[in-house]
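Remember, it's 1-based here, ligands and their atoms both numbered in the order they're listed. No experiment lies behind these values; they were computed from the predicted model shown.
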Amino acid sequence: PGRPPRDQDPFYIMFTSGSTGDPKGVVITRGNITAFVEWMLAEHRPAPSEEVILDQTTFSFDVSMMGLLPGLAAGGTMVAITRDDVANPKRMYQALATSDLTTWVSTPSFAHLVLRERGFTAAMLPRLRRFLFCGESLPPETARQLRERFPAAEIWNTYGPTETTVATTSVLVDDACLARYSPLPIGRPMPGTRVVALDPELRPVPDGERGEIVIAGPNVSPGYLHRPDLTQRVFVRFEGQPAYRTGDWGRVVDGLLFFEGRRDNQVKLHGYRIELGDVEAHLCGLPGVQNAVVLPVERGARIESLAAFILFPSRPDEPEFATASRLRAALAEQLPVYMIPSRWRFPESFPTTPNGKVDRQALAGGMAER
Ligand code: AMP
């Protein structure tokens, strides 16, 4: 109170899953958010006071900021689709049909869900002029269906972690892009920001080769709240600018960046960022559990749910489903619902690799066989 905010002041702190079970608070400053909002306004040129923007993503996930902040800065109107609406498809489509949206902001997973309704077309939303996607891979098939149903609307794929303020790269997915690339590119950096693929010594790899995506510029967070140890590990400097090591693999082809998966055990489930180690740490903390491994259950390129493999020193004297529902309930007191595994297995032992680690691949293979 009593003084105007400065660029280095925190604007929001957003918590993301941490690999050892403690969420990490990502501090985003006013300077960070200013850089992001100015870019969005320059790239999309919203019509002053005319935009109607979808507000569907939970505010604890920074994709929500992509609609909210540039939208309000342009004098636009937010239309909320609530969790209850999403749980009741009839109500959700009614809410969408009366929304008069001009701008769609969501994860690709949400668009995939809404596309189940054949009536979700330009006839339902005649003013819709752009789809902005962020948070996870945009499957070409989702983009293709949207092109067909909304021929006048632009489709943008954007990419970036919470640590670099919502999104940092973007690309317009038009028919030429769809015809040429599968998987789709994640685009080019916003002006003033460098996004590069680096080798382990943080030297740029040649174009066309795979490296870790590092983002440098005014949108890079100062670090994790009260965690200098974690901050030091991934917040570095690159060519004189503050930079963040994303842990994402990437490759530059034709001047466009492509996302090629993670270096670690972080996954995206319906757009939510989850460290598998976070869920495992919480499971290992439950009474009687000796060890736990959590794996993604995949269908094609999409992760559908999580599977938990639990080891007990001695198996509880109850049916497996009773053990599963007891563990699920205990976990639900500690973790958000999207982090709770839906499949449960209770093997006698875990397969191990030659160097004695749990063989996660063998466990995953076993899951496919059942
Ligand atoms: P979050 O901090 O929740 O926004 O998650 C950031 C992570 O999501 C990134 O480091 C990527 O692994 C993934 N991600 C975000 N946007 C995209 C995208 N457009 N395509 C592929 N992966 C993405």
Show me, pair by pair, the donor-acceptor contacts under 3.5 angstrom made by side chains of residues 300-307, not counting sequence neighbours?
{"unit_1": "R302", "atom_1": "NH2", "unit_2": "H112", "atom_2": "ND1", "d": "3.4"}
{"unit_1": "E304", "atom_1": "OE2", "unit_2": "R299", "atom_2": "NE", "d": "3.1"}

Q: Give a yes/no verdict on a cation-pi contact between R315 and F346, requiring under 6.0 Å between NZ or CZ and the six-membered ring centre and an angle within 45° of the axis.
A: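 Flagged: R315 positioned over aromatic ring of F346.
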**Q.** atom 19 (N) of ligand 1: the protein heavy-atom neighbour that sits closest, reported with distance to 0.1 Å
**A.**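 Nearest protein contact, heavy atoms only, for atom 19 (N) of ligand 1 is T158 O, 2.8 Å.
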Q: Starting from atom 18 (C) of ligand 1, find the nearest protein heavy-atom neighbour and note its residue, name and distance.
A: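 Sorting protein heavy atoms by distance from atom 18 (C) of ligand 1 puts E136 O, 3.2 Å first.
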Using distance alone, decide if ligand 1 has a nitrogen or oxygen within less than 3.5 Å of any nitrogen or oxygen in [X].
X	value
F259	no
T246	no
E163	no
D248	yes
K268	yes

Q.
Using the ring centroid of each side chain, check whether F120 and F150 are separated by less than 6.0 Å.
A.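 Distance test on ring centres: under 6.0 Å, yes.
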Q) T162 heavy atoms, cut-off 4.0 Å: which ligand 1 atoms fall inside? A)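 Under 4.0 Å from T162, ligand 1 has these atoms: 1 (P), 2 (O), 3 (O), 4 (O).
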Q.
Between T323 and E318, do the side chains contain a donor N or O and an acceptor N or O under 3.5 Å apart?
A.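 Short answer, yes.
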Q.
Looking at non-hydrogen atoms alone, which of G261, P108, G247, S137 comes nearest to atom 21 (C) of ligand 1?
A.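 Residue with the shortest heavy-atom distance to the ligand atom: S137.
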